[in-house]
There are 4 protein chains.
Amino acid sequence: MVLSEKQKSNMIIKRKKILTEAIHLFAEKGFEGTKIQEVAKASGVSFGSVFTYFENKETLFHAAVVEPLKKYEEDILNFNPEEQDLIQELESMIKKQIKIFANSGSYLNLVVFIIAQNKEYKDTFKELDLFNINFRIKLIHLIENGQKKGLLYKQNPTYIATAYTSLLMGLRLNLIDDPSSSMWEELSPFALQLFGPVKLKNEL
Amino acid sequence: MVLSEKQKSNMIIKRKKILTEAIHLFAEKGFEGTKIQEVAKASGVSFGSVFTYFENKETLFHAAVVEPLKKYEEDILNFNPEEQDLIQELESMIKKQIKIFANSGSYLNLVVFIIAQNKEYKDTFKELDLFNINFRIKLIHLIENGQKKGLLYKQNPTYIATAYTSLLMGLRLNLIDDPSSSMWEELSPFALQLFGPVKLKNEL
Amino acid sequence: MVLSEKQKSNMIIKRKKILTEAIHLFAEKGFEGTKIQEVAKASGVSFGSVFTYFENKETLFHAAVVEPLKKYEEDILNFNPEEQDLIQELESMIKKQIKIFANSGSYLNLVVFIIAQNKEYKDTFKELDLFNINFRIKLIHLIENGQKKGLLYKQNPTYIATAYTSLLMGLRLNLIDDPSSSMWEELSPFALQLFGPVKLKNEL
Amino acid sequence: MVLSEKQKSNMIIKRKKILTEAIHLFAEKGFEGTKIQEVAKASGVSFGSVFTYFENKETLFHAAVVEPLKKYEEDILNFNPEEQDLIQELESMIKKQIKIFANSGSYLNLVVFIIAQNKEYKDTFKELDLFNINFRIKLIHLIENGQKKGLLYKQNPTYIATAYTSLLMGLRLNLIDDPSSSMWEELSPFALQLFGPVKLKNEL
DNA sequence: AATGAATGAGAGTTCATTCAT
DNA sequence: TATGAATGAACTCTCATTCAT
C-alpha cells in the first residue's frame, strides 16, 4: 500500500509526539519506571502504535536520548573560539548556554540518568560522551586562544573546561526542583570567573 | 533474652552488608532496575532474609539513601566558618570536600538518582534537600565572614554557595566513568576562585 | 470501533467461562485456597487473561458471588404473596425453592463461605444479606396474608421465615456430599409444616 | 531431661490455649487465611512453639476441628430415646441443642467450613460425618419410639432427622452475624413441629 | 522447651511484546 | 496503519517450616 503525503506527515508528527512524551516520562521515572502504556496515553495513541514507530522499549529510550542531541549540540556549540573580541564571545556563550541548561529540564534530567547509569546504557552513554568531548574540545580551543591573547590567565584549559561543564550540569541538578529559578542568569559571572579573565568584571 | 550477643552482632553486620550492596546496585541500576534477588545474592543471603531486615524494597531504598547521609553530613560540614585564618580554612575545606566527592562514587550516584527523580521519591528527596540546605547555610556563614574581613570580594553569598555545590555535584557526574581521575585534586583552585578570594593564589 | 462484534461476543463468553470456573473453584477451595492459575487453566485461558477480565483476585471473587445473585433472586422471589389460593402457592413455592437449592450446589457452597467468613468479606456479605432480607420480607408478607385468611396458624411470621430459610440452607449443607439426593423432594412437607397450615396434608 | 509435673501441666495448658485460638482464627478466616504467626500471637507464644505442639499447620487444623468434637458429641447426644415421657424429653432435647448451637458460634463456623470444603478436607470431614450419623441414628431411634407410642405422627424418621439437623445448622448460618440473637430460644416450637407431635403446643 | 532468623517454594500481579482483526 | 486482547517471563512479597541457639 502506498501512503499519501498527508499520511506520511501524520506519521512523522505522531512519532515526534511519542518521542516528546517519552523524554518527559523517562526523565521523570527512568527507563524501568516508565511504562509503554503511559507513553501511549500521554501521546494520545494506543500502546500498539508505539511499537509501530519504535521496535521496542529500548529503541524508544535510545531514540529519546539520542535524537534531541543533534539540536542541542548545534545550540551549545554555537560559538566562535576564534572570535576577535573573545571575552565578549565568552560572556555571550556562557549566557546562551546557561539559558539552554535552564530551559531543558526534562531532557537534561534524562541525560543525568544516562550518565548515572552509564554502565547500564553503554551505547547510549557513548553518544553523550562524544558530544561532551566535542564540547570540551571547542571550549579548550577558545580558552587557548584567550590565553595566547593574554585575555585569560594561564591555567590548564582542560581543567577549566571540565570545571565549566561541571558547573552547568551541577546547576541543572541543584536547581531541579525550582525550574523557573531566577538564579540561573545571576550565575554567569561565576561561570566566567572559572575561565580566569584577566580583568574581572567587578574590577572594571 | 533469646538472641545471644553474637547473633545480634551478626545481624547488625548482615544488615550493613545488605545495605552496602543495595547502595551499589541502586546506584548502578536505579530503583526499578535493581532486583531484590540481586541484592540478596550480592550480600550472600537468601532473598527472604532481605525482608527480614527491610520491610520491603522501598524501605530498603529509602534506607540506602538516608542512612549514610549522617556520616556524610558530618564529614562535609566539618569546617569552621568562624575560623581566624579563613582562607586557609576555606582551602582545606574545599580539598576535603573534593576528596569526599571523589571517593563516594556509588553513593553520590544514588543521590543523583533521587535528585533527578525528586518527584517520584518526594520523601527521600526531602531528606537530601535538608542536608543541602544545611550545607548551604554553613557555607554562606563562612562566606559572609570572609567578606566582612575583606578576605573575599563582595558577591551574593547564596550564589557563591550554589555555584560551589553545583560544581562539586557536576564534577561527580563529569568524572563518573573515570573514578580514579587525577583531575579531582587539580580542580580545587577553580572551586576556590568561585569564592572570590581577594588575593588569588597565582597572584601570590 | 476496533473490536468486531465477533470479538466482543467472544470476550463475553470468555468472561462468563472464567466466572463459572471461578465459582466452582472458590466454592470448593475458598478464596485463599483457589489459585488464579487454576481458574485460568479450568477456563482454558492464560492466567494473564484472567487479569484482562477481572482487575484482581478479589474483584473476581466478588463478581463470582454477586453476579449470579440477580438470577437467583429472580427465581427465588418468583412467587405471589397475594395469590388467591395461598396454600397452593405456598406449596408450589416451596417445591420450586427446594429444587433451586438442590441444583445450585456450587454457588450455594460459595454463599456459605461468605456467610461463615462474613467478617472477612464484609462488602460481599452485605449484598447477600440484602437478598436475604428481601426474601424474608416477601415470605412474611405471604405468611401474614395466610394468617389473615385463617389458612395458617397464628405464629410470629419472622420466626417462620427464619426457620424456613434456615431449613433450606441447612439442607444444602446436610446433603452436600450427596448432590443428587432423592431426599430433597421428600422434604417439602416438612418445610410446609413450618408455616403452620391449618389443614395438614396428612389430615386431608 | 525429665519434665516436672508443673512443666507438664503448663504444656497442657499452652497446647489448649493454642488450640482455642486456632479454632477462633480458622473459623473466622479459614485454613489458608489463617497464619501460624497469628495463632501464636493470639496464644501468647512464639510461632516456633506452635510447632512444638503441632507437627504442622494441617495437624493443627485437624486437631482444631476434631478435638472439640468429643465434648460436643457428649452434649448433643445427651438425651434418652427410650424415655417414658417422650414429648417432654424431646422438648428438653431441642432446647438443649438449640442452646448449644446458639453458643458455639466459632466452632460451628469451623464445622461449616469443613462441610463446605469436604472434598478438600476429606479425612476431617469424615469424622464430622461420623458424628452426624450417630446423631441421626439416635434421633431416629427416639422418633420411632414416639411414633410407636402414638405420640408422633407417622412420617419417615430419616427425613425428620435430616430436617431437624438441617434446621439447627441453617439457624447457625442465618443468625451468624447476630450471635446474641433472642430468636434462638423462640424457635424451638418450630423445631418441635418437624417431629410431628400429635398434640401441637398451641392446641393444648 | 522456647525462640525467632533463615530459607525458598509459590502466590498475585505487572507489563513488554505479539498478532489477529 | 491502528488497535487492544492474549500471553507468560519475571518481579515482589508472604509464610510454613527448619534449626541453631
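Below, read A as the first sequence line, B as the second, and so on, with proteins coming before strands; counting in each chain starts at 1.
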Minimum-distance nucleotide (side-chain atoms of A:Phe47 versus E:dT3, F:dT7, E:dT17): E:dT17
query: Choosing from E:dA5, F:dT1, F:dT3, which nucleotide comes nearest the side chain of B:Thr52?
result: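 Taking heavy atoms from C-beta onward, the closest nucleotide is E:dA5.
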field: Any A:Phe54 side-chain heavy atom under 4.5 Å of A:Leu19 side chain
entry: yes
field: Base paired to E:dT21 (Watson-Crick or G-U; both N/O distances under 3.5 angstrom)
entry: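 Because both required distances fall under 3.5 Å, E:dT21 counts as paired with F:dA2.
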query: Do any of residues 26-42 of chain D sit with a heavy atom less than 4.0 Å from DNA chain F, and if so which?
result: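 Of all residues in residues 26-42 of chain D, the ones placing a heavy atom under 4.0 Å from DNA chain F are D:Thr34, D:Lys35, D:Ile36.
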Taking [atom1] from [X] and [atom2] from [N], how many angstroms apart are they, rounded to a whole number?
X	N	atom1	atom2	result
B:Arg15	E:dA6	CZ	P	13 Å
C:Asn56	E:dG12	CG	C1'	9 Å
B:Lys57	F:dT14	NZ	P	14 Å
C:Gln7	E:dC19	CD	P	16 Å
B:Phe51	F:dC15	CZ	P	13 Å
B:Lys14	E:dA5	NZ	P	11 Å

Main-chain N/O of [Y] paired with [X] side-chain donor or acceptor, under 3.5 Å:
X	Y	value
C:Lys35	C:Glu32	yes
C:Lys17	C:Ile12	no
A:Tyr107	A:Val65	yes

query: Looking only at heavy atoms, what is the nearest atom pair of D:Ser106 and D:Ala27, with distance?
result: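 Of all heavy-atom pairs spanning D:Ser106 and D:Ala27, the closest is O-CB, 3.1 Å.
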- request: Using a cut-off of strictly less than 4.0 Å, decide whether B:Tyr53 has a side-chain nitrogen or oxygen near OP1 or OP2 of E:dA5.
  value: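 Checking E:dA5 against B:Tyr53, no side-chain N or O comes under 4.0 Å of OP1 or OP2.
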message: Counting only heavy atoms from other residues, nucleotides and ligands, does the tally under 6.0 Å from CD of C:Glu67 exceed 12?
response: yes
